[in-house]
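All values derive from a computational prediction rather than experimental measurement. As a basis for the values below, the full set of heavy atoms in this structure was taken, side chains included, without hydrogen atoms, waters or symmetry mates. Just so we're on the same page: letters track the sequence lines, and every chain starts at 1.
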Amino acid sequence: MKEALTSLLDQAMKALIAKEQVPEVPDLVPQIDHTKDPSHGDLATNLAMVLAKKARMAPRDLAAMIIDALPANDFVAKTEIAGPGFINFFLNQSSHVEVIRSILANGSEFGNSNKGGGRRAQVEFVSANPTGPLHVGHGRGAAIGDSLARLLVATGWSVHREFYYNDAGQQIVNLARSVQARAQGLTPEDSDWPEDGYRGTYITDLATAYQNKITVSAADRTITALGDIDNLDAIRDFAVAWLRREQDLDLKAFGVRFDEYFLESALYESGEVNDTVSALESAGHTYEQEGALWLRTSDFGDDKDRVMRKKDGEYTYFVPDVAYHLNKWQRGFERVINEQGADHHSTITRVRAGLQGLGKDIPAGWPEYVLHQMVTVMRDGAEVKLSKRAGSYVTLRDLIEWVGRDATRFFLAARSASSQLTFDIDLALAQSNENPVFYIQYAHARVCSVKRKALTEGADWTADAGLDHLNTLTTAEELALALLLAKFPEVVANAAQRLEPHDIANYLREVAAAFHGLYNAHKLVDADNKSQSLARISLAEATRQVIENGLNLLGVSAPESM
RNA sequence: CCGCUCGUAGCACAACCGGAUAGUGCAACGGCCUUCUAAGCCGUAGGUUGCAGGUUCGAAUCCUGCCGGGCGGGCCA
């Protein structure tokens with residue numbers, strides 16, 4: 001509909017330019033928007049206002065001229081000039097309801113588009129190190145990252161989901177020592193407890209499992225414990241597998257899956273880390289100073305240079321990150337989106353600088369980043385600190401157990417990643433029935449209930465049958481809902497473009513509200529008015545389909561009854 | 001001290017990246033179930049969009065400066 005209107009305005013402008021009534025402005029980008037207020041029509045454009053200065057005319061006079069130049073068409077019922085110079089378009093009845101036909105025909109595909117054209121994109125998210133259970137921050141990353149992946153799929157990208165983790169660093173050593181200490185009967189209160197050791201109770205479970213020679217399988221590895229508490233390497237391997245399995249269980253319960261688990265250690269084993277450093281050295285972007293090797297990141301927008309190789313010969317953390325992203329580039333991903341916590345923002349400049357320094361013609365803005373701000377967890381009116389080492393943080397599993405998978409996913413994905421989020425456990429517990437996700441799911445379940453009711457009137461009381469009676473949909477509630485449903489493809493495309501899954505959540509709330517309003521204002525299934533009922537069933541089914549498709553983008557279920 | 005980021009109703013958050021009267025949920029108050037699911041609907045109340053300037057037809061949105069929160073700025077990851 002928007003496209004048709006754009007075309008109309010385009011033709012009008014061409015005609016006016018041909019008659020030299022307005023000047024040609026090459027980079028003019030007028031907006032055509034859905035209106036907030038129905039009295040402003042269905043769609044509106046600011047064309048006359050953005051053109052007014054160049055045309056040296058009053059916006060309202062210009063608007064009148066544009067309206068006169070609009071070609072004849074069969075979907076605009078009325079145009080109006082309003083406010084400072086908006087042109088408001090009122091669509092006719094059939095233009096409003098035509099979308100129902102399209103939704104029913106396209107089903108679960110409705111809303112999808114093909115901007116990606118099958119090109120390859122990667123979303124890397126969660127990427128938690130296997131040193132403890134997933135916490136709430138990982139949960140936010142999982143919810144947002146998974147939705148991003150779904151949005152990219154819906155807009156035509158071929159998406160690869162990747163989980164990157166370090167299975168060999170100092171933190172893993174701390175983990176192994178902690179488990180060993182537990183197996184030896186020590187507790188974090190003992191003076192012999194390892195410095196920087198992990199204190200959570202899961203360490204105790206791990207030690208017990210190791211001593212019982214348990215076999216564990218994670219998505220990317222399987223291992224049987226040796227039970228020998230003096231063998232630190234064996235403890236480490238088992239601990240990593242055990243925690244990977246724990247994380248897998250959480251992610252599975254959360255409805256999140258990955259195509260690949262990528263190990264940082266692989267980059268060292270393959271020599272890619274050394275190769276990356278050599279490449280940067282021979283490209284002339286490095287220098288030695290005070291016994292360390294530095295990268296001139298300041299040549300690429302950083303505020304100062306960074307150490308790559310420490311005095312002791314070890315690499316700093318961002319060096320494998322650069323090697324990793326070179327690896328991603330060589331795998332052929334046109335887009336890579338990294339979803340991480342905002343505490344990693346300083347790595348963005350370094351990784352991009354390293355990639356630029358390699359001289360591989362990698363675009364300056366590659367990879368892309370979506371950073372989510374911190375999740376603050378409140379309980380009993382006090383903040384619960386998120387700290388792996390303290391072992392007292394709230395886990396993703398806790399949240400799922402308390403408020404359910406759907407509510408947790410929705411809550412964590414329904415807010416802009418750039419805003420800090422307060423997850424009040426007491427509130428979520430006390431008001432679990434009032435959670436916004438239920439409002440949307442309830443609308444979906446209601447439609448299903450309406451359809452069940454309709455079938456009791458007769459086997460031919462179906463949504464498809466209603467397509468022949470769409471002209472009976474004339475009330476304000478019906479037309480407004482239909483227009484809102486027509487926006488869905490645009491909302492999906494826009495959310496994917498902006499990498500903002502929460503747009504979907506907000507949109508769905510609007511759709512649910514419009515449907516609940518219609519439901520209360522009008523009887524949908526009325527035995528005495530069959531044609532109108534059938535049309536309303538079509539509209540309800542179209543609404544259901546859009547809600548299902550939208551919830552699916554968020555990884556939230558669409559129940560048929562509640 | 002420097003960088004990034006956020007600041008919107010009592011609380012938690014939106015506002016289609018510059019549009020018309022700043023919205024939604026919770027909390028508060030008043031109504032609506034002999035009728036398709038009341039986990040719903042309708043109504044009332046609640047705001048100097050942190051502060052001060054600037055840009056323009058038009059600013060919560062862009063720019064500058066201040067104030068406040070968060071995260072970074074380690075040869076820690």
Next item on the list: Please determine, for the side chain of Arg446(A), which listed nucleotide (A39(B), G40(B), C71(B)) has the closest atom?
Entry: G40(B)
Notebook entry, point to check: What is the nucleic acid contact for Ile348(A), judged by heavy atoms within less than 4.0 Å: base, sugar-phosphate only, or nothing?
Noted result: nothing
Item checked: Phosphate OP1/OP2 of G73(B): any Arg306(A) side-chain N/O under 4.0 Å -> no
Notebook entry, point to check: Looking at residues at least two apart in the chain, or sitting in another chain, which of them share a side-chain hydrogen bond (donor to acceptor under 3.5 Å, both in side chains) with Glu281(A)?
Noted result: none
Check: Tell me the salt bridge (Lys or Arg N to Asp or Glu O under 4.0 Å) pairs involving residues 518-536 of chain A, sequence neighbours left out?
Finding: Asp460(A)-Lys530(A), Glu478(A)-Arg536(A)
Checklist line | Within residues 520-541 of chain A: residues closer than 4.0 Å to RNA chain B (heavy atoms) | finding: Asn520(A), His522(A), Lys523(A), Leu524(A), Val525(A)
Checklist line | Side-chain ion pair, Glu124(A) and Lys328(A), N-O less than 4.0 Å | finding: yes
Notebook entry, point to check: Is C33(B) in the syn range, within 90° of 0, or in the anti range?
Noted result: syn
Next item on the list: Might you work through the ring-ring contact (aromatic ring centres under 6.0 Å, His included) test for Phe262(A) and Phe163(A), ending with a clear yes or no?
Entry: CA-CA 6 Å; Phe262(A) 196 104; Phe163(A) 185 117; over 10 Å; no
Next item on the list: Please test Asn506(A) against Arg509(A) for side chain to side chain donor-acceptor pair (under 3.5 Å), starting from the C-alpha separation and ending with a verdict.
Entry: CA-CA 5 Å; Asn506(A) 291 329; Arg509(A) 208 169 343 197; 3.3 Å; yes
Next item on the list: Report which part of the nucleic acid Ala82(A) touches: base, sugar-phosphate, or nothing (heavy-atom distance under 4.0 Å, all strands).
Entry: base
Check: Can a side chain N or O of His516(A) be found less than 4.0 Å away from OP1 or OP2 on C42(B)?
Finding: no
Next item on the list: Using the P atom on both, measure U44(B) against U5(B) and round to a whole Å.
Entry: 40 Å
Item checked: Nucleotide nearest Arg415(A) when distance is taken to its side chain, options G40(B), A12(B), G18(B) -> A12(B)
Next item on the list: Look at the side-chain N and O atoms of Arg509(A) and state whether any lies under 4.0 Å from the OP1 or OP2 oxygen of G23(B).
Entry: no
Note to self: Need one value for Glu264(A): base, sugar-phosphate or nothing, where a base atom within 4.0 Å counts as base even if backbone is also close, heavy atoms only.
What the structure shows: nothing
Check: How does protein contact run along nucleotides 55-63 of chain B, one letter per nucleotide 5' to 3', with B for base contact, S for sugar-phosphate only, - for none, heavy atoms under 4.0 Å?
Finding: -SS------
Margin query: How long is the straight-line distance from OG of Ser178(A) back to OH of Tyr198(A), given to the nearest 0.5 Å?
Written below: 7.5 Å
Checklist line | Worked check of side chain to side chain donor-acceptor pair (under 3.5 Å) between Arg446(A) and His516(A) | finding: CA-CA 9 Å; Arg446(A) 259 188 163 172; His516(A) 287 310; 3.0 Å; yes
Dump the pairs, protein N or O against N or O of nucleotides 4-9 of chain B, anything under 3.5 Å, distances to one decimal.
from	atom 1	to	atom 2	distance (Å)
U5(B)	O2'	Gln373(A)	NE2	3.3

Margin query: Just to be sure I understand the rule, does Asp303(A) reach a base, reach only the sugar-phosphate, or reach nothing, if contact means heavy atoms closer than 4.0 Å?
Written below: nothing
Check: Using a cut-off of 4.0 Å on non-hydrogen atoms, how would the nucleic acid contact of Arg309(A) be classed: base, sugar-phosphate, or nothing?
Finding: nothing
Check: At under 4.0 Å between heavy atoms, what does Ala44(A) touch on the DNA or RNA strands: base, sugar-phosphate, or nothing?
Finding: base
Notebook entry, point to check: Just checking Ser416(A): base, sugar-phosphate only, or nothing, at a heavy-atom cut-off of under 4.0 Å?
Noted result: sugar-phosphate
Margin query: Once side-chain hydrogen bond (donor to acceptor under 3.5 Å, both in side chains) is applied, what residue pairs with a partner in residues 291-304 of chain A remain, sequence neighbours excluded?
Written below: Thr297(A)-Asp302(A), Ser298(A)-Asp305(A), Asp302(A)-Arg306(A), Asp303(A)-Arg306(A)
Next item on the list: Flag as yes if Phe86(A) stacks onto the base of A20(B) (centroids under 5.5 Å, planes under 30°), otherwise no.
Entry: yes
Margin query: At 4.0 Å (heavy atoms only), tell me whether Asn88(A) reaches a base, stays on the sugar-phosphate, or touches nothing.
Written below: base
Margin query: Side chain of Glu290(A) only, heavy atoms from C-beta on: which candidate in C75(B), A12(B), U21(B) is closest?
Written below: C75(B)
Next item on the list: Look at all strands and tell whether Lys310(A) reaches a base, only sugar-phosphate, or nothing, counting heavy atoms closer than 4.0 Å.
Entry: base
Next item on the list: Name all residues meeting the side-chain hydrogen bond (donor to acceptor under 3.5 Å, both in side chains) criterion together with His34(A); count only those two or more places apart in sequence or in a different chain, and write none if there are none.
Entry: Glu490(A)
Item checked: Sugar-phosphate, base or nothing in reach of Ala342(A), heavy atoms under 4.0 Å -> sugar-phosphate
Note to self: The side chain of Ala292(A) is closest to which nucleotide in this list: G19(B), C75(B), G72(B)?
What the structure shows: C75(B)
Check: By ring pair (Phe, Tyr, Trp, His ring centres under 6.0 Å), which residues pair with Phe89(A), not counting sequence neighbours?
Finding: none
Next item on the list: Assess whether one donor atom and one acceptor atom, taken from the side chain of Tyr317(A) and the base of A77(B), lie less than 3.5 Å apart.
Entry: yes
Next item on the list: Please tell me which of the listed nucleotides, A39(B), C36(B), A20(B), lies nearest to the side chain of Lys453(A)?
Entry: C36(B)
Item checked: Under 4.0 angstrom between Gln170(A) side-chain N/O and C76(B) OP1 or OP2 -> no
Margin query: Under the rule for side-chain contact (heavy atoms from CB on, under 4.5 Å), what residues qualify as partners of Ala417(A), not counting sequence neighbours?
Written below: Ile144(A), Val370(A), His372(A)
Next item on the list: Would you please name every residue forming a ring pair (Phe, Tyr, Trp, His ring centres under 6.0 Å) with Tyr369(A), sequence neighbours left out?
Entry: none
Next item on the list: Could you summarise the pairing of RNA chain B as dot-bracket text, marking Watson-Crick and G-U pairs under 3.5 Å with ( ) or [ ] inside the strand and | across strands?
Entry: (((((((..((((.....[...)))).(((((.......))))).....(((((..]....))))))))))))....
Notebook entry, point to check: Side-chain N or O of Arg350(A) less than 4.0 angstrom from OP1 or OP2 on G74(B)?
Noted result: no
Next item on the list: Sticking with atom C1', work out how far C63(B) lies from C17(B), rounded to a whole angstrom.
Entry: 16 Å
Check: Take atom NZ in Lys310(A); do more than 12 heavy atoms of anything else shown fall under 6.0 Å from it?
Finding: yes
Note to self: Starting the side chain at C-beta, find the nucleotide from G19(B), A12(B), C71(B) nearest to Asp343(A).
What the structure shows: C71(B)
Note to self: Please classify the nucleic acid contact of His34(A) as base, sugar-phosphate, or nothing, using heavy-atom distances under 4.0 Å.
What the structure shows: base
Check: When you compare A60(B) with A9(B), how far apart are their P atoms, in angstrom units rounded to a whole number?
Finding: 15 Å
Notebook entry, point to check: Of all the nucleotides listed (A20(B), C36(B), C13(B)), which has the minimum atom distance to the side chain of Leu421(A)?
Noted result: C13(B)
Next item on the list: Tell me what Asn506(A) touches on the nucleic acid: a base, only sugar-phosphate, or nothing, going by heavy atoms under 4.0 Å.
Entry: sugar-phosphate
Check: Which is true for Gln497(A) with a 4.0 Å heavy-atom rule: it touches a base, it touches only sugar-phosphate, or it touches nothing?
Finding: nothing
Notebook entry, point to check: Does Asp167(A) reach the main-chain N or O of Leu263(A) with its side chain, forming a donor-acceptor pair under 3.5 Å?
Noted result: no
Margin query: Can you list everything that forms a ring pair (Phe, Tyr, Trp, His ring centres under 6.0 Å) with Phe515(A)? Sequence neighbours excluded, please.
Written below: none
Item checked: Pairwise P distance for A15(B) and C1(B), with rounding to whole Å -> 33 Å
Item checked: Axial cation check for Phe411(A) ring with Arg415(A), 6.0 Å and 45° limits -> yes
Next item on the list: Look at the side-chain N and O atoms of Tyr519(A) and state whether any lies under 4.0 Å from the OP1 or OP2 oxygen of U35(B).
Entry: no
Item checked: For the student: nearest non-hydrogen atoms of Leu481(A) and Thr543(A), plus distance -> CD2-OG1, 3.4 Å
